[in-house]
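Reviewing the structure listed below.
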Amino acid sequence: MHFSKSFVFVGMIVVGVTLLYLSTHKNSVRPAPRHSTHGSKGNLHHRPADLPTSSLSKQHSEGSGPTESIFQNSSTMNSSSAPVRAPASTADGAEIASLESMTATLSTFSRPEVGLSDLTAFLSSTTQKPLVAKQSNPDTGEMSIVRTDNPLLGTRYFHAQYFKDESDQTFLQHMSFEFKPGESAMAEAVAAVRKAFPSLTNPPLVNSPSFVKWALDEKYIVWIKKLEAADLRDNPFNAYTSNDVGTVRVAVEAEIH
Amino acid sequence: MPLHFYKIFSTMLAAIILILGNSALASDDVRVLEGPLDYIACMAGERLNLRDETLSKVLFTVKRHEPAKVVQSFGQDQQEKTIDGVKYVFIKVQFPERTEDPNIGWVAQVYIKTKSECGNYTEPAPSPVPLSEWTFPTVKRASQSYKTGARRFGASRSGGSRYHAAADLYRVHGEKVLSVNTGKVIRDRYYFYEGTYAIEVKHSDGKVARYGEINGQVAAGVGLNKVVASGQNIGFVGTVTSGCCNPMLHFELYQGTATGALTQGGNKFNRRSDLIDPTSLLTEWEHDKFGVSY
Ligand SMILES: [Zn+2]
């Protein structure tokens, strides 16, 4: 049965990747979990344990208005802040494991037998806090963008785009994530792709120091790109700083041109 | 612990999960938004502080409903701070329209929401606009004919297994792309192909155009549900990364009689069933605008 196969397959991948992830992260420094940028019911599970309910209520009571000092210049507040960890220039073991996990995610969830809900269930089970933005219009239908609020260490800006066709079937058009800059980031990403996509036995269609591309099958391509300032600056979804130059994007994408 | 252990163990565990009816995977912890991923500053007051990394210094204040991007930086993007007895979670946010340097700082998370989540934000409804004059979508003639080679509509792709669904108008990277007529933006920029983007416009006669392989830069005044005029700048020429071809506008046109995604299976163009060959219309518009045509 189609559904059962999908079910078994996704189940195995979810557990496997989760275990691999946990095994490689247990001794690593994790950033504090990111929290949703809104106060929906589902996200209250993720509020910091030390944040009292009364504070939450105050934060969310838009009607009464927020406290003064959060909105006005007040540079004399007396509180301690968590230190900010600067990203290292070279990926460590945990970050390589994240790269491999995310590349495996691209491989698994670009298969025709798995869909959007399988992807979000997986991302949720690996604590990546997925969100789905559904945007539809009467003409070109529904596009669902999947992002995550809590990416794996060393990766960021996971992004998947699903569309509905004329028969109301949902299909994947694009799925990608970014890996931190580093001297060997491209090589590490290429190695991760080769590991996660064992069917890529043919040489890449394009193989340059800043861009590598394979034909996955007749419908999809896989590519890795070292991002330049313009790529990053003009991205409508992601923020940009000049420190980001050299970030590597790994993508699976419909062969559309 | 060796990797093979995990493989074996994960297979066993997957079987258990299946027996249990997938309960371990079931999750309601997926945030679903109805609308685009447009983050804004959303608060009751008029202004919100954006702070530096220490949270002690205000870099600048942002206005209500100012566009924002939530930053993910490979490291820690969250801090907590107590202000007037209230503990806030601060996140890193960029305000891309700000000219201040840096325009990234820390903002209380509860005040950064998508437009659809922001209770006091109302998207202005676009007014219908009558059809205007048709015009060619680039500022100058295409540098090579869009009727020949790999650029033409129907050109062979992937060894003949599929056909090209657009006319490729070769121009200069970053040059303005123009709307071919009045219309409404029904899908703002999304990832299209090899680092380029696409925007979809429903024109006033019902045709739908996809302006593909543009770069990600926003054109002034253009966004989802915004009305555009004939000849209005709606994007900028992009370049696919593989170096297959010159910077271009990949121009697709649809009759507007079908619904659903523009890309799909079912034919050798891998496009919606009402795809039309835009070549003759482009020729007409090109002649009207430049006095000559390919
Ligand atoms: Zn094209």
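In what follows, every chain begins at residue 1, and chains take the letters A, B, ... in the order their sequences are listed.
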Discussion item. Between A:His257 and chain B, with a heavy-atom cut-off of 4.5 Å, which part of the residue counts as in contact: side chain, backbone, both or neither?
Written reply: both

Item to complete: For residues B:Arg271 and B:Arg210, determine if any side-chain heavy atom of one lies less than 4.5 Å from a side-chain heavy atom of the other.
Response: yes

Worksheet item: When heavy-atom pairs shorter than 4.5 Å are enumerated against chain B, which of A:Val206, A:Thr120, A:Asp165 gives the highest number?
Response: A:Asp165

Fill in: B:Ala165 versus chain A, the contacting section by heavy-atom distance below 4.5 Å
neither

Response to the item:
Answer key: most heavy-atom pairs under 4.5 Å with chain A among B:Arg162, B:Glu34, B:Glu46, B:Arg157 is B:Arg162

Discussion item. Does any backbone or side-chain atom of B:Cys118 lie under 4.5 Å from a heavy atom of chain A? Answer side chain, backbone, both or neither.
Written reply: neither

Discussion item. So for B:Ile104, is it side chain, backbone, both, or neither that comes closer than 4.5 Å to the heavy atoms of chain A?
Written reply: side chain

Worksheet, complete the sentence: With chain B, the option among A:Ile221, A:Asp168, A:Thr241, A:Leu123 that has the most non-hydrogen atom pairs under 4.5 Å is A:Ile221

Fill in: A:Tyr240 versus chain B, the contacting section by heavy-atom distance below 4.5 Å
both

Fill in: Heavy-atom pair count under 4.5 Å with chain B, highest-scoring of A:Asn243, A:Thr140, A:Val146
A:Thr140

Discussion item. Please confirm whether the ring centroid of B:Phe192 lies under 6.0 Å from the ring centroid of B:His250.
Written reply: yes

Discussion item. I want to check something: taking the side chain as every heavy atom from C-beta on, are B:Lys69 and A:Asn238 in contact at a cut-off of under 4.5 Å?
Written reply: no

Discussion item. Once rounded to the nearest 0.5 Å, what's the spacing between atom CG of B:Asn270 and atom NE2 of B:His164?
Written reply: 12.0 Å

Worksheet item: B:Arg272 versus chain A, heavy atoms under 4.5 Å apart: side chain, backbone, both or neither?
Response: both

Item to complete: Report yes if the side chains of A:Tyr162 and A:Leu119 come closer than 4.5 Å at any heavy-atom pair, otherwise no.
Response: yes

Item to complete: Could you look at A:Glu253 and say if it's the side chain, the backbone, both or neither that has a heavy atom under 4.5 Å from chain B?
Response: side chain

Item to complete: Could you check if a side-chain atom of A:Pro204 sits within less than 4.5 angstrom of a side-chain atom of A:Trp214, using non-hydrogen atoms only?
Response: yes

Response to the item:
The interface call for B:Val208 against chain A, heavy-atom contacts under 4.5 Å, is side chain

Worksheet item: What residue in A:Asp139, A:Leu131, A:Asn137 has the most heavy-atom pairs under 4.5 Å with chain B?
Response: A:Asp139

Discussion item. Test your reading of the model: is there a side-chain donor-acceptor pair from A:Glu142 to the backbone of A:Lys164, 3.5 Å cut-off?
Written reply: no

Worksheet entry | chain B contacts, top residue of A:Gln135, A:Arg156, A:Glu255 (heavy-atom pairs, under 4.5 Å) | A:Arg156

Practice prompt. Decide yes or no for B:Val89 and B:Glu80: does some side-chain heavy atom of the first lie under 4.5 Å from some side-chain heavy atom of the second?
Written response: yes

Item to complete: Enter the distance from B:Gln78:CD to B:Trp106:CH2 here, rounded to the nearest 0.5 Å.
Response: 8.0 Å

Worksheet item: Is the side chain of A:Gln173 donor-acceptor paired with the backbone N or O of B:Tyr191 at a distance under 3.5 Å, no angle test?
Response: yes

Worksheet entry | Interface moiety of A:Ile256 toward chain B, non-hydrogen atoms closer than 4.5 Å | both

Discussion item. For the backbone of B:Arg51 and the side chain of B:Asn49, can you confirm whether one donor and one acceptor N or O come within less than 3.5 Å of each other?
Written reply: no

Practice prompt. Considering only heavy atoms and a distance below 4.5 Å, find which of B:Ser273, B:Cys244, B:Gly266, B:Pro96 pairs most often with chain A.
Written response: B:Ser273

Item to complete: With a 4.5 angstrom heavy-atom cut-off, could you sort out which part of A:Tyr157 is near chain B: side chain, backbone, both or neither?
Response: both

Worksheet item: Looking at B:Asn103, B:Asp168, B:Val218, which one has more heavy-atom pairs under 4.5 Å with chain A than the rest?
Response: B:Asp168

Discussion item. Under a 4.5 Å cutoff for heavy-atom pairs, which residue among A:Leu227, A:Thr247, A:Leu205, A:Asn235 has the most contacts with chain B?
Written reply: A:Asn235

Worksheet item: So do the side chains of A:Phe163 and B:Leu262 get within less than 4.5 Å of each other, counting heavy atoms only?
Response: no

Fill in: Contact origin within B:Ser116 toward chain A - heavy atom pairs under 4.5 Å
neither

